[in-house]
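Scope of the values below: all heavy atoms of this structure, side chains included, with no hydrogens, waters or symmetry mates. Residue numbering restarts at 1 for every chain, and letters A, B, ... go by the order of the sequence lines.
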There are 2 protein chains.
Amino acid sequence: MDIWKRFGEKEITHSMAHYLQAVAALKNDKGFARVGDIADRLGVSKSGVTSMLRSLQSRGLVDHEPYGCVELTPLGLQLARRTESNRRLLSVFLSEILGVAESVAEEDACMIEHLVSPQAAVELLRLTTFLRSQHPAALQFREAFRNTPRTCSDHAPGDCDICGATCLVDSLLRPPPAADAGPAA
Amino acid sequence: MDIWKRFGEKEITHSMAHYLQAVAALKNDKGFARVGDIADRLGVSKSGVTSMLRSLQSRGLVDHEPYGCVELTPLGLQLARRTESNRRLLSVFLSEILGVAESVAEEDACMIEHLVSPQAAVELLRLTTFLRSQHPAALQFREAFRNTPRTCSDHAPGDCDICGATCLVDSLLRPPPAADAGPAA
DNA sequence: CAAGAAAGTTTAGGCATGTTAACTCTCGGA
DNA sequence: TCCGAGAGTTAACATGCCTAAACTTTCTTG
């Protein structure tokens with residue numbers, strides 16, 4: 001039951017994903033990617049870039065010889081593209097389908113982009129494009145979904161199999177309890 | 001443009017979320033949570049638990065005096081519950097709505113559970129309960145969605161605003177390129 | 001071509017999270 | 001009462017990812 005430990009075994013970490021995307025973007029914009037440009041773009045120090053590049057190179061994701069420019073390997077490019085597509089997809093899904101505020105949608109997408117499995121991404125893309133389409137069922141959905149209630153007490157009084165005892169909505173939208181560790185009795 | 005750096009500033013990390021959940025579960029199952037039980041449940045060493053508890057205590061998420069049992073503070077309990085609800089929600093959404101295989105859905109949910117914003121979670125719950133319901137629009141959706149195509153060339157030939165140049169489906173389902181960093185010309 | 005500026009790297013160190021090994025505390029039984 | 005087993009903690013170390021400061025390489029320009 002140790003799924004959670006595999007967090008550290010993902011093919012790439014959050015940081016790595018963003019380094020790869022930065023290299024891809026610079027390659028695209030200027031034709032080449034230098035250490036300093038990557039550092040500027042990501043808001044990290046140049047030494048941080050150097051050491052991350054070493055790590056990415058050891059994983060076969062970039063090519064980088066000292067004092068030279070950085071190139072993505074085919075694998076690195078694939079991961080960069082995949083991560084970017086995932087982010088766009090999540091962002092659209094969250095903001096357009098779910099109606100979450102743009103800024104929140106983008107932040108969520110950025111946090112999650114590298115963690116979504118290919119299987120889930122493919123199906124989420126299918127759902128998103130379907131629900132945005134002009135298909136009659138999609139039109140009906142949009143009309144009906146607008147008026148759907150938010151809390152479990154509305155959709156499943158006393159028995160929501162997702163939320164259990166406390167409705168997610170209640171616990172999420174309520175302000176946090178007094179933080180100073182003092183359960184007053 | 002440094003959203004990505006806020007990854008490290010989330011209220012809790014992936015590890016912390018699972019420690020909190022372990023404590024909550026043990027409290028629930030046995031009435032108390034000891035260091036050794038937490039270690040067993042999470043598959044980490046006892047010393048790892050001790051040091052994580054120090055960190056959680058400094059954030060006001062648990063109470064723990066040396067050689068004693070562990071208690072969740074109100075804030076810690078709230079985070080544990082929230083994370084668990086998020087995971088159940090994501091798991092149901094991925095497997096039931098999107099049709100992703102259970103095992104993949106659970107792994108994805110576990111990776112993402114602590115990163116989903118309250119806003120997104122609330123709306124995702126709304127969407128999920130709606131699409132699972134007997135509402136006519138939901139019935140129509142399920143019928144129609146079953147036959148929706150997967151690739152961009154079907155739903156938006158040559159112009160998918162999510163995927164850009166390369167359809168997500170193509171890049172996700174294609175096997176990775178030869179990994180040995182050798183772009184053979 | 002040489003010298004300074006610009007770019008990049010190395011070194012040393014910090015924080016989070018984990019490990020193992022060795023030490024200390026607590027408690028139950030002879 | 002006291003002693004040993006088991007539970008918990010500390011110490012020392014590893015890895016990932018970041019920083020600042022010092023050093024090296026490369027470029028530019030007079």
Side-chain angles (χ1 to χ4, degrees), chain A residues 2-23 26 30-71 79 110-111 114-115, chain B residues 2-23 26 30-71 79 110-111 114-115:
Chain A
D2 285 0
I3 294 180
W4 77 279
K5 278 195 135 188
R6 294 209 281 275
F7 192 78
E9 295 162 17
K10 287 259 142 187
E11 40 188 357
I12 50 172
T13 64
H14 179 75
S15 288
M16 290 176 191
H18 285 274
Y19 276 88
L20 294 180
Q21 286 181 68
V23 174
L26 287 166
K30 327 191 351 177
F32 55 89
R34 287 174 309 179
V35 168
D37 298 328
I38 299 170
D40 288 347
R41 190 168 238 277
L42 294 179
V44 299
S45 64
K46 285 182 293 177
S47 56
V49 174
T50 299
S51 75
M52 178 58 95
L53 288 176
R54 220 194 315 281
S55 168
L56 292 173
Q57 183 145 39
S58 77
R59 286 160 209 257
L61 301 178
V62 304
D63 283 328
H64 173 232
E65 40 214 297
Y67 302 100
C69 285
V70 183
E71 301 290 338
L79 287 178
C110 175
M111 298 299 159
H114 65 298
L115 295 170
Chain B
D2 286 359
I3 294 179
W4 78 279
K5 278 195 134 189
R6 294 209 281 276
F7 192 78
E9 295 163 17
K10 287 259 141 188
E11 42 188 354
I12 50 173
T13 64
H14 180 75
S15 287
M16 291 178 191
H18 284 274
Y19 276 88
L20 293 180
Q21 285 182 68
V23 174
L26 287 166
K30 328 191 350 176
F32 56 88
R34 287 175 308 178
V35 168
D37 298 329
I38 299 170
D40 289 347
R41 192 168 236 276
L42 294 179
V44 299
S45 65
K46 285 182 293 175
S47 55
V49 174
T50 299
S51 74
M52 178 58 95
L53 288 177
R54 221 193 315 282
S55 167
L56 292 173
Q57 182 145 38
S58 77
R59 287 160 209 256
L61 302 178
V62 303
D63 283 328
H64 173 232
E65 39 213 296
Y67 302 101
C69 286
V70 183
E71 301 290 338
L79 288 177
C110 176
M111 299 298 159
H114 65 297
L115 294 170

Asker: Could you tell me how far apart A:Asp40 (CG) and D:dT19 (P) are, to the nearest whole angstrom?
Answerer: 12 Å

Asker: For C:dT9, take OP1 and OP2 only and decide whether either is under 4.0 Å from a side-chain N or O of A:His64.
Answerer: yes

Asker: Would you say a side-chain N or O of B:Arg54 is under 4.0 Å from OP1 or OP2 of D:dT9?
Answerer: no

Asker: Figure out the NE2/P separation between B:His114 and C:dT17, and round it to whole Å.
Answerer: 10 Å

Asker: For the side chain of B:Lys10 and the backbone of B:His114, is there at least one donor-acceptor N/O pair under 3.5 Å apart?
Answerer: no

Asker: Taking A:Phe32 as the fixed residue, which of A:Val70, A:Val23, A:Asp37, A:Leu26 is the one that meets the side chain to side chain contact (heavy atoms under 4.5 Å, CB included) rule?
Answerer: A:Asp37

Asker: Consider only side-chain N and O atoms of A:Ser47 and A:Ser45, and report whether a donor and an acceptor are under 3.5 Å apart.
Answerer: yes

Asker: Which of these nucleotides, C:dG18, C:dT9, C:dT20, is closest to any side-chain atom of A:Val35?
Answerer: C:dT9

Asker: What is the distance, rounded to the nearest whole Å, between atom CD1 of B:Ile38 and atom C1' of D:dA7?
Answerer: 13 Å

Asker: Hey, does the side chain of A:Lys46 reach the backbone of A:Val35 with a donor-acceptor pair shorter than 3.5 angstrom?
Answerer: no

Asker: What is the distance, to the nearest angstrom, from the CG atom on B:Leu53 to the C1' atom on C:dT17?
Answerer: 13 Å

Asker: Distances under 3.5 Å between protein N/O atoms and the N/O atoms of nucleotides 15-17 of chain D, please, pair by pair.
Answerer:
unit_1, atom_1, unit_2, atom_2, d
D:dC17, OP1, A:Thr13, OG1, 2.8

Asker: Go through it in stages, so that I can follow the logic: the residues are A:Glu11 and A:Leu79, the test is side-chain contact (heavy atoms from CB on, under 4.5 Å), and I'd like the CA-CA distance, side-chain angles, deciding distance and then a yes or no.
Answerer: CA-CA 9 Å; A:Glu11 40 188 357; A:Leu79 287 178; 3.9 Å; yes

Asker: What contact category does A:Gly43 fall into here, base, sugar-phosphate, or nothing, at under 4.0 angstrom with non-hydrogen atoms?
Answerer: sugar-phosphate

Asker: Roughly, in whole Å, what's the span from NZ in B:Lys46 to P in C:dT19?
Answerer: 13 Å

Asker: From NE2 of B:His18 over to P of C:dG18, roughly how many Å is that when rounded to an integer?
Answerer: 11 Å

Asker: Heavy atoms, side chains only, cut-off 4.5 Å: are A:Val49 and A:Leu42 in contact?
Answerer: no

Asker: Answer yes or no: is there a donor N or O on one side and an acceptor on the other, between the side chain of B:Trp4 and the main chain of A:Cys110, under 3.5 Å?
Answerer: no

Asker: Mapping A:Asp37 and B:Ser47 onto DNA chain C by nearest heavy atom, which one lands closer to the 5' end?
Answerer: A:Asp37

Asker: If you look at every strand shown and take non-hydrogen atoms under 4.0 Å, does A:Gly36 touch a base, only sugar-phosphate, or nothing?
Answerer: sugar-phosphate

Asker: Would you mind reading off the distance between B:Glu11 atom CD and C:dA16 atom C1', rounded to a whole angstrom?
Answerer: 18 Å

Asker: Roughly, in whole Å, what's the span from CD in B:Glu65 to P in C:dC25?
Answerer: 16 Å

